[in-house]
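Below, read A as the first sequence line, B as the second, and so on, with proteins coming before strands; counting in each chain starts at 1.
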Protein chains: 2
Amino acid sequence: MKQIIDHINKCFENRTRLGIMAALMVNESIDFKALKVLLGTTDGNLSSNISTLEQLGYVKVKKRFIGKATNTSYSLTSGGRKAFQGHLDALEALIRGVSVDGKETN
Amino acid sequence: MKQIIDHINKCFENRTRLGIMAALMVNESIDFKALKVLLGTTDGNLSSNISTLEQLGYVKVKKRFIGKATNTSYSLTSGGRKAFQGHLDALEALIRGVSVDGKETN
DNA sequence: CAAAGCACTTTGAATTTCAAAGTAATATAT
DNA sequence: ATATATTACTTTGAAATTCAAAGTGCTTTG
């Protein structure tokens with residue numbers, strides 16, 4: 001079981017970061033506002049958690065102008081996609097181990 | 001997506017507590033030593049995280065003697081089992097949303 | 001040109017984490 | 001008999017993390 005738990009990525013234990021990654025897995029890119037609405041979180045929380053993901057090299061940022069206003073959108077790096085997939089695999093293994101009707105299979 | 005994330009239980013975001021709960025889902029009861037080996041964690045970490053789960057009413061503690069030595073074993077309360085199942089369901093929903101090859105379904 | 005609004009970022013108080021140190025028992029060596 | 005080690009946990013507090021309020025730098029509106 002330890003091997004499975006070791007593959008749970010500490011960074012993705014946070015609910016907001018988990019949500020950001022999940023959202024970016026199914027959307028090529030999302031901007032700040034849309035992400036905030038989707039996750040139902042505050043500006044500060046979203047901003048600092050994106051920064052964390054960015055510093056880990058999991059998320060990349062694109063800043064541009066839409067008319068006169070700045071627009072910041074986010075997407076996964078290939079490393080981010082891989083890391084998150086590994087995390088999901090670990091969670092799935094844990095769930096499977098738990099779902100089995102008998103003794104643990106982990 | 002927010003509704004799914006809201007069902008992720010904050011308490012189970014911690015890797016050690018997640019492991020304790022998963023282990024107790026498939027084992028009627030486990031003692032301190034076995035849990036420590038299974039999770040590969042330290043005494044202090046295990047102890048304080050079990051306390052947290054206990055205070056939330058998710059885990060119950062049974063202390064007894066085996067020969068002259070004390071033995072402390074842990075098991076889930078029905079509330080704990082239900083809370084963890086709810087958490088797993090939320091994770092599964094998130095994974096499914098992410099696994100779908102298209103746009104998000106959450 | 002204030003004042004308000006938008007799109008974020010920074011800050012720091014509050015919470016959480018976790019390993020080292022502590023406690024209390026038995027076992028074993030001297 | 002009495003150190004000394006070992007086992008089985010618990011407590012403590014320094015360090016890390018969280019997140020919302022406050023801040024910044026724009027644009028738009030009154």
Problem - Side-chain (A:Thr77) to main-chain (A:Tyr58) donor-acceptor, under 3.5 angstrom - result: yes
Handout entry: Nucleic acid contacts of residues 50-64 of chain B, taken as heavy-atom distances under 4.0 Å to DNA chain C
Key = none
Exercise for the section: Indicate, with a heavy-atom threshold strictly under 4.0 Å, whether A:Lys36 touches base, sugar-phosphate, or nothing. Expected result: nothing
Fill in the blank from the handout: Expected string for nucleotides 21-30 of chain D under the B/S/- scheme (protein heavy atoms, under 4.0 Å, primed atoms plus P, OP1, OP2 as sugar-phosphate) is B-----SS--
Fill in the blank from the handout: Rounded to whole Å, the CG-P distance (A:Leu18 to D:dC19) equals 13 Å
Problem - Sidechain-backbone polar pair: A:Asn14 side chain, A:Thr16 backbone, donor-acceptor under 3.5 Å - result: yes
Practice task
Quick one: pull up CG in B:Asp89 and CZ in B:Phe84 and give me the separation to the nearest 0.5 Å.
Solution key: 10.5 Å
Problem - Nearest-angstrom distance from the residue atom NZ of B:Lys33 to C1' of D:dC9 - result: 12 Å
Handout entry: A:Phe32 CZ to C:dT10 C1', straight-line distance once rounded to whole Å
Key = 12 Å
Problem - Non-hydrogen atoms of B:Arg15 and A:Asn9 that approach each other most closely - result: NH2-C, 4.1 Å
Exercise for the section: Give the rounded distance in Å between these two atoms: CG of B:Asn71 and C1' of D:dC9. Expected result: 11 Å
Practice task
Would you classify B:Thr72 as touching base, sugar-phosphate or nothing, given that sugar-phosphate means primed atoms plus P, OP1 and OP2, and contacts are heavy atoms under 4.0 Å?
Solution key: sugar-phosphate
Problem - Main-chain N/O of B:Ser47 paired with B:Ser51 side-chain donor or acceptor, under 3.5 Å - result: yes
Practice task
Hey, can you tell me if B:Phe32 and B:Tyr74 have their rings parallel, tilted or perpendicular (30° and 60° cut-offs)?
Solution key: tilted
Handout entry: Short side-chain to backbone donor-acceptor contact, B:His87 and B:Ala83, under 3.5 Å
Key = no
Handout entry: Separation of C:dA27 P from B:Ile66 CD1 (nearest whole Å)
Key = 13 Å
Exercise for the section: Scan A:Thr42 against the nucleic acid and name what it touches under 4.0 Å (heavy atoms): base, sugar-phosphate only, or nothing. Expected result: base
Exercise for the section: Classify the side-chain pair B:Asn45/B:Thr41 by whether it contains a donor and acceptor separated by less than 3.5 Å. Expected result: yes
Exercise for the section: Report the distance from atom NZ of B:Lys33 to atom CG of B:Asp43, rounding to the nearest 0.5 Å. Expected result: 10.0 Å
Handout entry: Distance, rounded to the nearest Å, where B:Ile20 contributes CD1 and C:dT17 contributes P
Key = 11 Å
Practice task
Calculate the interatomic distance between B:Glu13 atom CD and D:dC19 atom C1'; express it in whole Å.
Solution key: 13 Å
Exercise for the section: Select one nucleotide: of C:dC18, D:dC9, C:dT9, the one nearest the side-chain heavy atoms of B:Asn49. Expected result: C:dC18
Practice task
Determine: side-chain N/O of A:Asn14 to OP1/OP2 of D:dT18, distance under 4.0 Å, yes or no.
Solution key: yes
Exercise for the section: Rounded off to whole Å, could you give me the NZ-to-P distance for the B:Lys10 and D:dT17 pair? Expected result: 13 Å
Exercise for the section: Would you indicate what A:Arg15 reaches in the nucleic acid, counting non-hydrogen atoms under 4.0 angstrom: base, sugar-phosphate, or nothing? Expected result: nothing
